Amino acid sequence: MSPGFAAAAASAWAAFGIQAIGQTGHVLDAAPAEDPQRALWLALKIREAHRDRVWVSVAWRPREDLAGAVREVEDVLKAVCALKRRPGVYRLDDVAVECAVANSPEVSRHLAKLILPVVTQPDLLKTLEALIAADGNRARAASELIIHRSTIDYRLRRIEYLTGHSPTQVRGLQTLCTALAAYAMLGVPEYAGSRGSVEVQA
């Protein structure tokens, strides 16, 4: 997060009664909110103020539990960026499984090993990511990738062969999605990359 962006953000957010309390690579702010709905509304307004170019994580907790809120939003943003989700407002509910896995190093390593054969093959990785983005809709994923339906079916069979989990089944796709997040959150540079983000606690 550049100093210029942080300064502009602080100025823009002052209109919403939001006060910056620190920086750790993200912009971290405390926003006064009477309830979770108000906190979510503030987060949506912040997103709109920056033309949907930011990742916002919102947690609503008492001020005395600010440390817990910080941990929660950081975990959420790590998972969101690991999954390459689009800019938007996210809560723990959106990535609860991924966050739970991230807090279990043994499970994370197991899933990272499981997905490694897919991550190391660009065509298979892109196909799996497209299927996840399309909520399991193969036709939509094939259209996004500009490939024939038979091609995507072949790649998905390869993914199942390499991992033992079928991306065409709900449970299999969830496992593979979580494995991708675990792999990225372990800090593998060629996959995880880096993104700016915004965190909001109320």
Side-chain angles (χ1 to χ4, degrees), residues 26 40 43-44 47-48 50-58 73-104 107-199:
H26 311 302
L40 181 60
L44 291 169
R47 180 192 176 197
E48 291 174 5
H50 293 285
R51 301 178 183 176
D52 299 337
R53 294 177 298 173
V54 295
W55 289 259
V56 183
S57 176
V58 58
V73 295
E74 286 182 343
D75 286 348
V76 168
L77 285 173
K78 285 178 183 177
V80 166
C81 291
L83 291 168
K84 299 185 178 180
R85 297 278 179 87
R86 294 177 179 177
V89 176
Y90 296 93
R91 293 174 288 180
L92 182 59
D93 287 351
D94 297 312
V95 286
V97 173
E98 291 78 7
C99 287
V101 167
N103 288 315
S104 175
V107 174
S108 292
R109 287 192 295 269
H110 171 77
L111 289 173
K113 183 178 180 180
L114 180 149
I115 203 67
L116 184 61
V118 175
V119 175
T120 54
Q121 298 190 47
D123 285 344
L124 296 185
L125 176 59
K126 290 178 182 178
T127 299
L128 180 57
E129 290 177 336
L131 188 67
I132 292 170
D135 293 324
N137 187 312
R138 283 180 285 175
R140 186 148 48 111
S143 176
E144 181 67 25
L145 293 167
I146 316 178
I147 59 176
H148 194 273
R149 178 67 178 266
S150 61
T151 302
I152 194 170
D153 287 343
Y154 168 76
R155 291 180 183 178
L156 295 177
R157 287 195 298 271
R158 284 289 299 163
I159 291 172
E160 181 177 6
Y161 173 78
L162 292 170
T163 65
H165 295 273
S166 173
T168 62
Q169 301 296 320
V170 173
R171 186 167 183 173
L173 186 59
Q174 176 63 65
T175 298
L176 294 169
C177 178
T178 305
L180 275 181
Y183 184 90
M185 285 189 285
L186 283 174
V188 183
E190 62 268 26
Y191 182 75
S194 60
R195 296 186 178 198
S197 53
V198 178
E199 303 170 356

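Predicted model only: the values in this text are computed from it and were never measured.
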- Of the non-hydrogen atoms in D75 and C99, which two are nearest, and what is the gap between them? O-SG, 3.6 Å
- Message: Within this structure, what is the CG-CG distance for the pair L145 and D123, rounded to the nearest 0.5 Å?
- Response: 9.0 Å
- Query: Should D153 and R157 count as an ion pair when the cut-off is N to O under 4.0 Å?
  - Reply: no
- Query: Considering residues, nucleotides and ligands other than E144, do more than 12 of their heavy atoms fall under 6.0 Å from its CD?
  - Reply: no
- Decide yes or no for V76 and D94: does some side-chain heavy atom of the first lie under 4.5 Å from some side-chain heavy atom of the second? no
Side chains of residues 166-182: which donor-acceptor partners sit under 3.5 Å, not counting sequence neighbours?
unit_1: S166; atom_1: OG; unit_2: T168; atom_2: N; d: 3.2
unit_1: S166; atom_1: OG; unit_2: T168; atom_2: OG1; d: 2.7
unit_1: Q174; atom_1: NE2; unit_2: T178; atom_2: OG1; d: 2.9
unit_1: T175; atom_1: OG1; unit_2: R171; atom_2: O; d: 3.1
unit_1: T178; atom_1: OG1; unit_2: Q174; atom_2: O; d: 2.9

- How far does NZ of K113 sit from OG1 of T163, to the nearest 0.5 angstrom? 14.0 Å
- Message: Using a 3.5 Å distance criterion without hydrogens, assess whether the side chain of T120 forms a donor-acceptor pair with backbone atoms of L116.
- Response: yes
- Determine yes or no for a side-chain-to-main-chain donor-acceptor pair under 3.5 angstrom, with S108 supplying the side chain and S104 the backbone. yes
- Item | Between CZ on residue R155 and NZ on residue K126, distance to nearest 0.5 Å | 8.5 Å
- Message: Holding to salt bridge (Lys or Arg N to Asp or Glu O under 4.0 Å), I want the full list of residues that pass it with R140, two or more places apart in sequence or in another chain.
- Response: none
- Message: If I compare all heavy atoms of E98 with all of M185, which pair ends up nearest, and what's the gap?
- Response: O-CE, 3.7 Å
- Item | Side-chain donor-acceptor contact under 3.5 Å, S150 with H148 | yes
- Rounded to the nearest 0.5 Å, what's the gap from OH on Y154 to OG1 on T127? Could you check? 11.0 Å
- Query: So, W55 side chain and R85 main chain: donor-acceptor pair closer than 3.5 Å or not?
  - Reply: yes
- In short, I159 meets L124 closest at the heavy-atom pair CD1-O, 3.7 Å
- Straight-line distance of T151 OG1 to L156 CG, nearest 0.5 Å: 10.5 Å
- Message: One pair to check against side chain to side chain contact (heavy atoms under 4.5 Å, CB included): V58 and V89. What are the steps and the verdict?
- Response: CA-CA 7 Å; V58 58; V89 176; 4.1 Å; yes
- How long is the gap from CZ on R149 to CZ on R138, to the nearest 0.5 Å? 4.5 Å
- Stepwise side chain to side chain contact (heavy atoms under 4.5 Å, CB included) check, V56 with L77: CA-CA 8 Å; V56 183; L77 285 173; over 6 Å; no
- Look at the side chain of N103 and the backbone N and O of A100, then say whether any donor-acceptor pair between them is shorter than 3.5 Å. no
- Check A141 against A134 and note the closest heavy-atom contact, atom names and distance. N-CB, 4.0 Å
